[in-house]
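What follows is a single structure, written as structure tokens, with notes after it.
Remember, predicted model here, so these are calculated numbers, not experimental data.
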Amino acid sequence: QVQLAESGGGSVQAAGSLRISCVASEGTFSRNCMGWFRQAPGKEREGVAGISPSGYYTYYAESAKGRFTVSRDNAKNTVYLQMNSLRPEDTAMYYCASARKSKCSYRWESPETYTYWGQGTQVTVSS
């Protein structure tokens with residue numbers, strides 16, 4: 001059983017930046033695809049970014065391209081999401097997720113791809 005714990009959320013003004021982190025409890029972290037998702041009240045959970053086990057391949061939703069950067073440090077069992085130029089519409093609960101596979105491109109943005117989920121960290125962007 002993999003446990004994921006997000007941190008780093010908070011409140012920021014529009015155009016600001018925030019970096020959120022996710023630490024995994026389990027040693028197979030370095031072999032798993034990881035994803036970041038978000039869910040705003042009344043909306044479906046959406047994929048924001050994904051990253052391959054080595055970190056070489058990254059994937060982004062259109063809304064995140066050019067503003068968000070996903071990265072990972074396998075020595076620390078940690079995945080990061082650096083968010084710049086934040087907008088009020090980025091306000092949501094952000095979740096990290098781990099998939100029990102190493103090929104990540106296919107349906108990286110689908111919640112059904114992932115097996116393990118964190119509890120989430122709230123990001124609020126004010127105008």
**Request:** Assess Arg72 against Tyr80: is NZ or CZ under 6.0 Å from the centre of the six-membered ring, and within 45 degrees of the ring's axis?
**Result:** no
**Asked** Listed by chain and number, what are the side chain to side chain contact (heavy atoms under 4.5 Å, CB included) partners of Thr91, not counting sequence neighbours?
**Response** Gln122, Thr124, Val125
**Request:** Show the numbers, then the answer: is there a side chain to side chain contact (heavy atoms under 4.5 Å, CB included) between Phe29 and Val23?
**Result:** CA-CA 9 Å; Phe29 172 84; Val23 179; over 6 Å; no
**Request:** Decide yes or no for Val70 and Tyr60: does some side-chain heavy atom of the first lie under 4.5 Å from some side-chain heavy atom of the second?
**Result:** yes
**Message:** Give me the atom names and distance for the closest heavy-atom approach of Ala61 to Trp108.
**Reply:** N-CH2, 3.6 Å
**Prompt:** Looking at OH of Tyr116 and CE of Met34, how far apart are the two atoms once the value is rounded to the nearest 0.5 Å?
**Reply:** 11.5 Å
**CG on Leu4 to OG on Ser21, rounded to 0.5 Å** = 12.5 Å
**Message:** So does Gly120 get a backbone contact from the side chain of Glu6, meaning a donor-acceptor N/O pair under 3.5 Å?
**Reply:** yes
**OG-CZ distance between Ser98 and Arg31, expressed to the nearest 0.5 angstrom** = 11.0 Å
**Asked** Within a strict 4.5 Å, meaning less than it, do heavy atoms of the Pro111 and Phe37 side chains meet?
**Response** yes
**Asked** Any side-chain heavy atom of Val123 sitting closer than 4.5 Å to one from Ile20?
**Response** yes
**Message:** Does anything in residues 84-96 form a salt bridge (Lys or Arg N to Asp or Glu O under 4.0 Å)? List the pairs, not counting sequence neighbours.
**Reply:** Arg38-Asp90, Arg67-Asp90
**Shortest non-hydrogen separation from Ala92 to Ala40 and the atoms involved** = CB-N, 3.9 Å
**Message:** For the CG atom of Asn74 and the CG atom of Asn32, what is their distance to the nearest 0.5 Å?
**Reply:** 9.5 Å
**Request:** Would you please classify the geometry between the Trp117 ring and the Tyr95 ring as parallel, tilted or perpendicular, with 30° and 60° separating the classes?
**Result:** perpendicular
**Asked** Of all residues at least two apart in sequence or in a different chain, which pass the salt bridge (Lys or Arg N to Asp or Glu O under 4.0 Å) check with Lys43?
**Response** none
**Message:** Taking salt bridge (Lys or Arg N to Asp or Glu O under 4.0 Å) as the definition, give me every residue that meets it alongside Glu44, ordered by chain and number, with sequence neighbours left out.
**Reply:** none
**Request:** Would you mind listing every salt bridge (Lys or Arg N to Asp or Glu O under 4.0 Å) that reaches into residues 95-106, with sequence neighbours excluded?
**Result:** none
**Message:** Determine whether the aromatic ring centres of residues Trp36 and Phe68 are separated by less than 6.0 angstrom.
**Reply:** no
**Asked** Do Thr78 and Asp73 have side-chain atoms, one donor and one acceptor, less than 3.5 Å apart?
**Response** no
**Prompt:** Can you name the side chain to side chain contact (heavy atoms under 4.5 Å, CB included) partners of Glu112, sequence neighbours left out?
**Reply:** Arg107, Ser110
**Message:** Are the side chains of Pro53 and Ser30 in contact, using a 4.5 Å heavy-atom criterion?
**Reply:** no
**Asked** Can you tell if the side chain of Gln82 reaches within under 4.5 Å of the side chain of Ser17, non-hydrogen atoms only?
**Response** yes
**Request:** Measure the spacing between CD of Gln119 and SG of Cys22 and express it to the nearest 0.5 Å.
**Result:** 11.0 Å
**Request:** Find the distance between OH (Tyr57) and SG (Cys104) and round it off to the nearest 0.5 Å.
**Result:** 10.5 Å
**Prompt:** Going by heavy atoms in the side chains, are Tyr94 and Leu81 under 4.5 Å from each other?
**Reply:** yes
